[in-house]
Amino acid sequence: MSQTTPTAPENAAPHRYTAALAADIEARWQDFWERHGTYQAPNPTGDLAGDPELAARPKQFIMDMFPYPSGAGLHVGHPLGYIATDVFARFQRMTGHNVLHTLGFDAFGLPAEQYAVQTGTHPRTSTEANIVNMKAQLRRLGLGHDQRRSFATIDPGYYRWTQWIFLQIFNSWYDEDAGRARPVDDLVKQFESGERPTPGDRAPWAELDAAGRADLLGEYRLAYASDAPVNWCPGLGTVLANEEVTADGRSERGNFPVYKAKLRQWNMRITAYAERLLNDLDGLDWPEAIKLQQRNWIGRSEGARVDFPVGDAGRKITVFTTRQDTLFGATYMVLAPEHPLVGEVVPPSWPEGTRPAWTGGHATPAEAVAAYRAQAAAKSDVERQADAKDKTGVFTGVYATNPVSGERVPVFIADYVLMGYGTGAIMAVPAHDGRDFAFARAFELPIRCVVEPTDGRGTDTAAWTDAFDSHEAKLVNSRGEDVSLDGLAVPDAKAEITRWLAERGIGEGTVNYRLRDWLFSRQRYWGEPFPIVYDEDGIAHPLPESMLPLELPEVEDYAPRTFDPEDADTSPETPLSRNEDWVNVTLDLGDGPRRYRRETNTMPNWAGSCWYELRYLDPHNDRRLVDPEIERYWMGPREGAPHGGVDLYVGGAEHAVLHLLYARFWSKVLFDLGHVSSREPFHKLYNQGMIQAYVYRDSRGFPVPAAEVEERDGVFRHDGRPVTRELGKMGKSLKNAVTPDEICTDYGADTLRLYELAMGPLDVSRPWDARAVVGQYRLLQRLWRNVVDEASGAVTVVDEEPDEETLRVLHKAIDGVTQDMANLRFNTAIAKITELNNHVTKVRRVPRRVAEAAVLLIAPLAPHIAEELWRRLGHEDSVVHHPFPVADPAYVVDETVTCVVQVKGKVRARLEVAPGVPEAELEALALAEPAVVAALGGAGVRKVIVRAPKLVNIVPA
RNA sequence: GCGGCGGUGGCGCAGCAGGUUGACGCAGCAGACUUAGGAUCUGUGGCCCGCGAGGGCUUGAGGGUUCGAAUCCCUUCCGCCGCACCA
């Protein structure tokens, strides 16, 4: 489809609002704003302090999720959110707020590095070029950003503080008793004084050597290195966080397969904050869907830990269950194949009574276990899930003891139990769990019903075809030597058995979370270096603050080097490790110069976005990440926002559990350590919808350029051949991208801004319709013509009072637009401005008051044309800080209302009546209407419902 | 499978503390200005029947509550998104 381009001859009307005139107006006002610093927001420690009028204004901190400066540039889908926040910010300025609105760049990350590997261009070079391009694209849109506050996460002056925050986290531990993070020094003091004994079988603090102490503190630090199995992605040459791996075991970026590998990696103890991350969601103004996703990701479940003794060496298997009430129904146990206990307890031969089905055909338990483990390890997560339906497993040769019934229960290993959840071990209750039921059927294990079914199937499990699950029913078959749950309802039984277990020290009620710690290191070049060095004993030392920023060194070779995850002697080679001069250093960390090796992993690209809202507040502060007074002013807790945070944060829903969870976590650590007054980074979150586009594919499924497709009689053709059409994302590879630059050139930025917002509600996805853009262009043309004569350029407004009807239209528009803007309903705001403009277009002679109000109403949406018309109307000031019109309530109500007269619910007549018309009068008027009389057809009236002044409904007899 | 959101003209949508369905825009149709126009302006505008006056139908489908349902309740279908052996 060809682009509809207005091509009106310029000479026909020299002062017509054309794309060329729009371009001229827009460039001029963008320069004006820049010269005058129109969008600079004063801080409480600066300009604000000396200006009582400004200081009295309420503040608004309005943010977008900042962009990654990709080389592909922007398409029209990208700026939707930026336009929306800009309109909202402009509205807030005009309604008397001190508004902070700016935009930075999230510039570390894989694409720049991949590009560098391909082309040899340094990532900084390409990234900075991309930033320049993107800034130019964004400038054309007329976004009112405080440019002094913009930065990129790759600026050393910024990542200095990212590293600084890492050090704060490294130097903290979570004090469960206090319910907050505290400096590690406090913990050391507790160990030194003996107030806190060293845990487990460790020696007392005084007897530990440096390595022992470092190791112990590592168990507490909020940032710690550990050797756990991690997600290794050979395709990206790095490990990934759980949040970056999709459900089918592939990398979120690039869609490469991900494998488990055991590597020493940095982690952040986000699990310590699970409860607070969950609870504080309640105080946030976020879409319920996003809150729900975070709740699911955190995955809180209440239940109990129960110990099952195994063997004679005092060993036990600890399980987590949410159904401790069904303990009497636990007829076997299952461990995850990777469970460490398995190797310790496997006996040399199959015990008496081992069923053939349990052994997997192996001669000894050790052989069976080894074979099953090997089989499980060979499977990727994808295969493991695909095979999920058939329950496989093997007997370990070991029996444990059910602590309530004293019964011997066989212990299996099976795929369907995951090492990463709970304790990696379960008690299996086949009667009341579908997975256990399937496994028990496959392995001929006993099934015992311990909760009375309410569906009439009875307690004889032999006839069952599935597990029974009910939380309202009563317990049966649950009588032990000194405890009985029989007859108790499920919740009571839970409480009773939990108490019983706790009394004997063999279990306790607990809360389990699905959330895992956050894997925080990457084997890549283009990220923040860790401010960590290792001494000759391999002990990690934080760099002192004075050595920050630790700048990313130049390297020749950015390429990641893969390795063999099977071979324990190999590990990924990080790009930074190849730079021996940088890695090996002599530093004085307080005890004289010593040799150290630097950490060569880099931080994940989430690090820079975890705290950037704070840096906008005080971007040039080189003594602190943010001045406390400034932070309190913009971010602090306040009425309606009990945890503090940004007033409005707009971005895509794809960050629901990544960026938004990590940023909340860092916020809470900084709060605990006293660096900020806000517990939450983002008080109000809004997810903008996606701008979709049609993707046209040829018979082989390859996208063809959307702009070249022609439609005839509902058939789409490219080069004469039929193509298929589907609605999808907009993108270069799909050949359907429309850029903001081309729309700006064809119509102007104000038209683009209006069209993007007029398409529909901000949070709904909708297809881009190239033809429809012209509708908003026409609105601006009509508005222009209502003020400026197209032939002469003279201002045509008249200094007359508007008539009564125009006043009502005007004030209803002001009232509606004000409400819509405040609620981010820009589509309906635009419709109301259009109605007003259509009305005055008909009037022809436009009263100055009405024209000025219309210009101010549209100013947040179309700022360039508004500034231009405002100036031509004779005003010296900018509309940016001019007060928004205020509706006069006297004109918001109608003089007369249309009253609908229904007969039996069908509209038969309309009456024009005064708003205050008495009911009896209205009823009489309605019954006298000829159409009503006709509709009644002589039938009597049974009932008349009068809802004055809008409706009368007559029910015939 | 579980959870969430949503189905209204040819299209994007508006209306939802029950009360005129279709605001606003695109496309369409008619007209104006024009050498011409895919520019601009004016008008029109759900669907069906009817020359017309007018009548009937209509908010995914079916049912319910009500004088009255797009809006509330139940059942069902379709679409999109998230999670998924979570013990």
Side-chain angles (χ1 to χ4, degrees), chain A residues 2-9 12-13 16 18 247-248 287-293 295-297 299-301 303 319-323 326 334 384-385 387-389 391 414-418 420-429 432-436 438-439 512-514 653-654 656-657 714 727 754-755 758-761 763-779 781-782 785 790 816 825 827-835 837-838 841-842 898-907 909-910 931 934 942-945 947 950-956:
Chain A
S2 60
Q3 191 68 51
T4 312
T5 307
T7 52
R16 173 188 287 279
T18 58
D248 57 350
E288 271 311 311
I290 301 288
K291 286 191 185 183
L292 195 73
Q293 278 186 59
R295 287 192 187 107
N296 290 342
W297 188 262
R300 182 184 199 272
S301 48
V319 301
F320 172 74
T321 178
T322 55
R323 292 301 303 272
T326 63
V334 186
R384 218 160 141 162
Q385 278 195 17
D387 298 346
K389 310 272 174 307
K391 293 285 174 288
D415 248 357
Y416 83 95
V417 173
L418 308 172
Y421 185 80
T423 61
I426 62 156
M427 64 176 214
V429 186
H432 305 293
D433 180 281
R435 297 151 300 172
D436 295 345
F439 190 87
N512 189 63
Y513 296 95
R514 201 187 83 114
E654 69 273 16
V657 288
L727 204 54
L754 279 175
Y755 176 64
M759 289 166 82
D763 57 351
V764 172
S765 294
R766 52 255 140 101
W768 181 264
D769 183 354
R771 292 182 308 186
V773 181
V774 72
Q776 301 309 318
Y777 181 64
R778 287 178 188 146
L779 165 63
Q781 284 188 318
R782 281 198 289 267
R785 210 178 304 120
E790 290 188 341
R825 291 192 302 251
N827 55 329
T828 48
I830 293 167
K832 282 161 191 155
I833 294 172
T834 309
E835 279 183 275
N837 194 49
N838 287 349
T841 301
K842 268 180 231 152
T898 307
C899 176
V900 177
V901 185
Q902 298 176 334
V903 177
K904 228 180 146 194
K906 285 195 193 302
V907 181
R910 278 153 224 252
R942 183 152 70 94
K943 194 173 175 188
V944 180
I945 293 108
R947 291 285 175 275
K950 294 196 75 174
L951 180 125
V952 178
N953 190 14
I954 297 152
V955 188

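Every chain is numbered from 1, with letters handed out A, B, ... down the list of sequences. Keep in mind the model is a prediction, meaning the values are calculated, not measured.
Comparing B/rA14 with B/rA23, their P atoms are spaced 13 Å from each other, to the whole Å. Nucleotides B/rC57 and B/rU44 place their P atoms 27 Å apart, quoted to the nearest Å. B/rC11 and B/rU65 have their P atoms separated by 33 Å, given to the nearest Å. Distance check on atom P: B/rG7 versus B/rA61 gives 13 Å, rounded to whole Å. Rounded to whole Å, the P atom of B/rU8 lies 15 Å from the corresponding atom of B/rG15. Between the P atoms of B/rU21 and B/rA69, the separation comes to 11 Å (whole Å). When the C1' atom is used for both B/rC24 and B/rU34, the distance is 30 Å, rounded to whole Å. The same atom, P, is picked in B/rU59 and in B/rG50; the two are 23 Å apart, to the nearest Å.
Distance A/Arg942 CZ to B/rU66 P: 12 Å, rounded to the nearest Å. In this structure, the CH2 atom of A/Trp297 is 16 Å from the C1' atom of B/rG3, given to the nearest Å. Spacing between atom CZ of A/Arg435 and atom P of B/rA84 amounts to 14 Å, rounded to whole angstrom units. Atoms CD (A/Gln781) and C1' (B/rU40) sit 7 Å apart, rounded to a whole Å. Rounding to whole angstrom units, NZ of residue A/Lys291 and C1' of B/rG82 are separated by 17 Å. Rounded to a whole Å, the CG atom of A/Asn296 is 6 Å from the C1' atom of B/rC83. Between A/Arg785 atom CZ and B/rC41 atom P the separation is 5 Å, expressed in whole Å. In this structure, the CH2 atom of A/Trp768 is 16 Å from the C1' atom of B/rC11, given to the nearest Å.
OP1 and OP2 of B/rC83 both lie 4.0 Å or more from every side-chain N or O belonging to A/Gln293. Distances shorter than 4.0 Å separate none of the side-chain N or O atoms of A/Arg514 from OP1 or OP2 on B/rA87.
Heavy atoms of A/Leu292 sit under 4.0 angstrom from primed sugar atoms or phosphate atoms, though from no base atom. When heavy atoms are screened at a 4.0 angstrom cut-off, A/Val764 is found touching the sugar-phosphate backbone but no base atom. Looking at heavy-atom distances under 4.0 Å, A/Glu288 makes no contact with the nucleic acid at all. Among the atoms of the strands shown, none is found under 4.0 Å from any heavy atom of A/Thr423. Within the nucleic acid shown, A/Thr326 has no heavy atom closer than 4.0 Å to any nucleic acid atom. A/Asp433 comes within contact range of no nucleotide atom at all, as no heavy-atom separation falls under 4.0 Å.
Nearest nucleotide to the side chain of A/Met759, out of B/rA87, B/rC86, B/rG12: B/rG12. Side-chain proximity of A/Thr322 to the nucleotides B/rA87, B/rG68, B/rC13 is greatest for B/rA87. Between B/rC13, B/rA87, B/rG4, one nucleotide has an atom nearer to the side chain of A/Ala289 than all others, and that is B/rG4.
With a glycosidic angle no more than 90° from 0, B/rG9 adopts the syn conformation.
Nucleotide B/rC24 has B/rG12 as its partner under the Watson-Crick or G-U criteria, with both atom distances under 3.5 Å.
Although no hydrogens or angles enter the test, the distance criterion places a donor-acceptor pair under 3.5 Å between the side chain of A/Asp436 and the main chain of A/Val429. With A/Arg766 contributing its side chain and A/Val764 its backbone, the two residues share a donor-acceptor pair below 3.5 Å.
If you take CZ on A/Arg295 and CD on A/Glu288, they are separated by 5.5 Å, rounding to the nearest 0.5 Å. Expressed to the nearest 0.5 Å, how far CE of A/Met759 lies from CD1 of A/Ile830 amounts to 11.0 Å. Note that CH2 of A/Trp297 and CZ of A/Arg514 are 5.0 Å apart. Values are rounded to the nearest 0.5 Å.
Side-chain contact between A/Asp433 and A/Thr326 is absent, with no heavy-atom pair separated by less than 4.5 Å. With a 4.5 Å cut-off on side-chain heavy atoms, A/Arg782 and A/Asn838 count as touching.
Few gaps surround NZ on A/Lys291; more than 12 heavy atoms of other groups in view lie less than 6.0 Å from it.
Geometric assessment of A/Lys391 against the ring of A/Phe439 yields a negative cation-pi assignment under the 6.0 Å and 45° thresholds.
Between A/Ser301 and A/Ile945, the residue anchored nearer the 5' end of RNA chain B, judged by the nucleotide with its closest heavy atom, is A/Ile945. Along RNA chain B, the nucleotide nearest to A/Thr841 and the one nearest to A/Pro767 differ in position, and the one closer to the 5' end is contacted by A/Pro767.
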Checklist line | Protein proximity profile, nucleotides 20-31 of chain B - base contact B, sugar-phosphate-only contact S, no contact -, cut-off 4.0 Å on heavy atoms | finding: B--BSSSS----
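Between A/Tyr755 and A/Asp769, the side chains place no donor N or O within less than 3.5 Å of an acceptor N or O (distance only, hydrogens not considered).
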